[in-house]
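Counting starts at 1 for both ligands and their atoms, following the listed order. When a residue number appears, it is its place in the shown sequence, counting from 1.
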Amino acid sequence: MTQFCLSFQNFRSHQRKANTSEAAINNSLADVTRMTWKMMGLQGITAQDFKTTYLSLVGYERLLAWFDKMDVNIKTVLNYTKNFMQFMKYVNIDMDLLLVSNDHAEFNRLSCLQIHIANSRSGLDSGVFELHKRQMNSKPKPPTPAEVKRVLAVAKDDFDRAMDELRKKKDDSGLILTKTRVSFINRYITAYLCLGQGIRVGAAENMHGSEFQAAYNGERTLSDNGIPHIVVHVANHKTNVTQDCRIALDSYWTENFYLYFRYVRTIIFRLKNATHPYFFTQNDGRHYKKVSDGIEKLQNQYGVPKITSSTARCAWETWVESRPEAERKLVADHLCHSAEVAKSHYKHGFAKTTVDALGAFKAIEADLGVGGKGNRVSVTVDAAVAHSVPRSVATTSVDVTPVAEQEVPPSTATPPKAVLPKSPKTPKDIKVERIMDQLKEKVAGDIADVTIPTPTQLIDMEKAAGRKMSPDDAATIQRSLRTLRDNALAENMAIRLLKNEKKRQNVPYKDLLAPTLTAADLSRNKCGVKIKESQLLSKFRSLQKTYQSSSLNPDSDDMRALIKGQSWPYVCLRSSANKGRGVFANSSIPKGQVVCDYHGQTISSEEGEQRMRSTDPQATNYMLFLKEGKICIDASNQCTCHSRAKFMGTYGRYMNHSAKMWNVKPKAVDLDGTTVVLLTAIRDIKAGEELLFDYGVRRGEDGEDIGWLKK
Ligand SMILES: C[S@@+](CC[C@H](N)C(=O)[O-])C[C@H]1O[C@@H](n2cnc3c(N)ncnc32)[C@H](O)[C@@H]1O
């Protein structure tokens with residue numbers, strides 16, 4: 001008891017020196033006491049008997065098992081262990097004073113315990129990290145800058161054509177612009193500003209005609225990127241955005257802005273018999289209000305991914321997060337972020353208040369290369385994309401209802417956060433991190449110095465400390481010490497398991513050893529995580545199944561993210577003549593590419609048939625019967641992995657049938673215990689083609705003739 005109290009005092013005085021508050025010290029000590037008493041309780045030791053020697057490895061392992069059994073929140077466990085580890089440091093200080101000279105074995109024993117706790121703790125840490133990673137992977141990711149550019153690329157032809165018509169007019173007499181045209185031109189230009197230049201909604205709306213005119217007349221020119229462009233300063237605005245902004249226009253855009261200014265605006269004004277100071281106006285001559293609406297219409301019309309200017313900014317912010325400081329600052333500048341916002345997003349504490357996105361776009365584009373870089377499914381943006389949408393769709397008339405005056409965009413004072421924003425660290429976080437770093441260093445140093453004792457030596461040490469240690473416990477300690485240092489043991493263990501599994505299942509060894517498996521699983525072991533046999537084996541089995549059934553690795557984080565986020569890059573939903581909705585290629589698809597998945601509720605065939613019987617035979621049918629395994633995937637009802645709204649938008653359920661012209665084939669795979677049907681292109685598919693697969697049935701449920709089933 002004396003040693004324990006002394007350590008408490010030591011702990012207190014050291015924490016006070018580190019300026020930790022009394023409340024925090026008391027909290028830590030409460031954790032330590034709780035943990036120690038629990039360890040003792042689990043070993044059947046009463047408080048009266050307590051000595052440091054009872055802080056044993058077995059007790060600690062039992063404690064972890066107890067946490068497990070009680071389903072204690074992992075963060076609580078981390079907290080307890082953190083405090084316990086810190087405390088142990090001070091026990092060791094005592095040990096230095098009291099034990100090293102007197103009781104070498106006790107000192108060694110406690111060192112082993114401390115290392116073991118560090119080992120488990122980093123295991124827990126990486127567990128939390130894994131969990132976080134999995135959660136993040138299951139979230140839909142923001143679009144990449146390359147995807148942002150697609151919005152503009154797809155509609156560019158139509159825009160150029162519209163502007164060409166304007167260009168051909170010598171004067172504006174007799175020039176007639178339909179409302180649809182005006183609306184489209186407005187949208188395209190504002191989309192360019194919001195998406196292409198990263199200007200927040202609101203800023204460009206406040207651009208004055210006179211500002212553009214002044215710039216056009218040569219008041220301001222700039223060519224610091226080697227590309228001549230004019231810069232329009234937008235200084236006078238009414239929104240609560242606090243920055244001025246600069247819009248940089250290359251010659252292409254200067255001319256298009258001019259055409260807009262010269263013809264589109266004047267026509268609108270003449271129609272409405274009004275004058276207006278603002279550069280952008282609606283069809284009825286009013287100030288162009290809700291740019292984000294316009295952008296959305298453009299995206300709907302052209303069937304390109306939904307990107308608002310805020311998600312465009314998210315894309316930049318997310319992308320730039322992993323970039324060097326200077327680049328982060330550059331993007332913050334270009335995105336017009338205030339110092340405050342920039343600080344919380346990128347933590348560099350400074351942002352200019354101007355926009356010169358052309359430079360940023362060029363710099364970042366150069367860096368991204370074709371199709372983008374980074375951890376996302378990339379979409380290649382090339383000229384082909386611009387032609388990828390059938391003209392019939394492109395010329396569909398759009399709703400040009402003027403946007404109501406009061407539809408002011410939501411406050412732009414608080415720009416949206418990047419998708420993976422790191423919340424600002426509190427002083428406490430920083431302190432905890434520092435302490436943890438110190439501890440890690442200490443532990444790492446200890447490991448480097450400690451010669452790993454053999455199990456026999458460990459048993460002897462325990463004997464010297466007046467305790468008994470079983471050979472199993474000794475082996476556990478040794479293993480935990482070794483896994484901290486290298487993977488060899490864990491690797492051997494895995495291979496041994498594989499070999500046993502091979503014998504049990506009587507399958508070729510190489511089929512079990514999936515290429516990504518050992519690397520991914522064993523690398524975690526660098527953190528000292530013990531491999532659980534059961535986990536390893538179940539992973540091997542599911543991998544084995546999925547590898548056999550698909551050429552693409554379905555058991556990959558990418559695949560999970562695609563399914564969860566339904567971020568399949570090659571497809572879009574459109575209406576299909578006489579068939580309801582259908583899935584279409586939004587760009588050319590190479591043969592062998594998995595285009596999307598079909599999933600829903602997995603039920604038995606019998607249950608599926610029963611459900612079919614109880615629904616209206618005329619209703620659209622979303623049941624997919626798989627001969628293999630006699631199961632049915634019911635995609636009319638919500639799956640377990642998506643919300644109802646999200647599930648209704650999953651692509652596979654909208655894929656139509658063709659018996660003769662199918663271009664996609666289904667393949668069932670097992671993904672984390674759920675059957676998912678992956679749909680793979682059987683040939684190169686052109687942009688705009690409808691994707692079809694053979695439902696495998698030629699007659700109706702009651703044997704009736706159904707024409708489309710045979711085509
Ligand atoms: C899995 S859903 C396909 C999506 C469906 N088109 C929709 O809009 O929800 C299957 C249903 O689509 C329709 N369908 C599929 N292929 C078709 C085709 N080739 N011709 C006509 N209708 C078709 C049928 O009504 C069928 O029950």
How are the rings of Y188 and F184 set to each other: parallel, tilted or perpendicular (split at 30° and 60°)?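 Rings of Y188 and F184: tilted, 30 to 60°.
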
For the pair F280 and F257, name the ring-plane relationship: parallel under 30°, tilted 30 to 60°, perpendicular over 60°.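 F280 vs F257 ring planes: perpendicular.
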
Are the side chain of Y598 and the backbone N or O of Y651 linked by a donor-acceptor pair below 3.5 Å?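 Such a contact is absent between Y598 side chain and Y651 backbone.
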
Under 3.5 Å: donor-acceptor pair, side chain of S604, backbone of I631: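 Between the backbone of I631 and the side chain of S604 there is no qualifying donor-acceptor contact (under 3.5 Å).
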
Around K665, counting heavy atoms of other residues, nucleotides and ligands shown, do more than 12 lie under 6.0 Å from its NZ?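 It does not: K665 NZ has 12 such atoms or fewer within range.
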
Tell me yes or no: between the side chains of N186 and Y260, is some donor less than 3.5 Å from an acceptor?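 Side chains of N186 and Y260: pair found under 3.5 Å.
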
Residues lining ligand 1 [heavy-atom distance under 4.0 Å, listed by chain and residue number]: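 The 4.0 Å shell around ligand 1 contains N578, K579, G580, R581, T620, N621, Y622, R653, Y654, M655, N656, H657, Y695, W708.
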
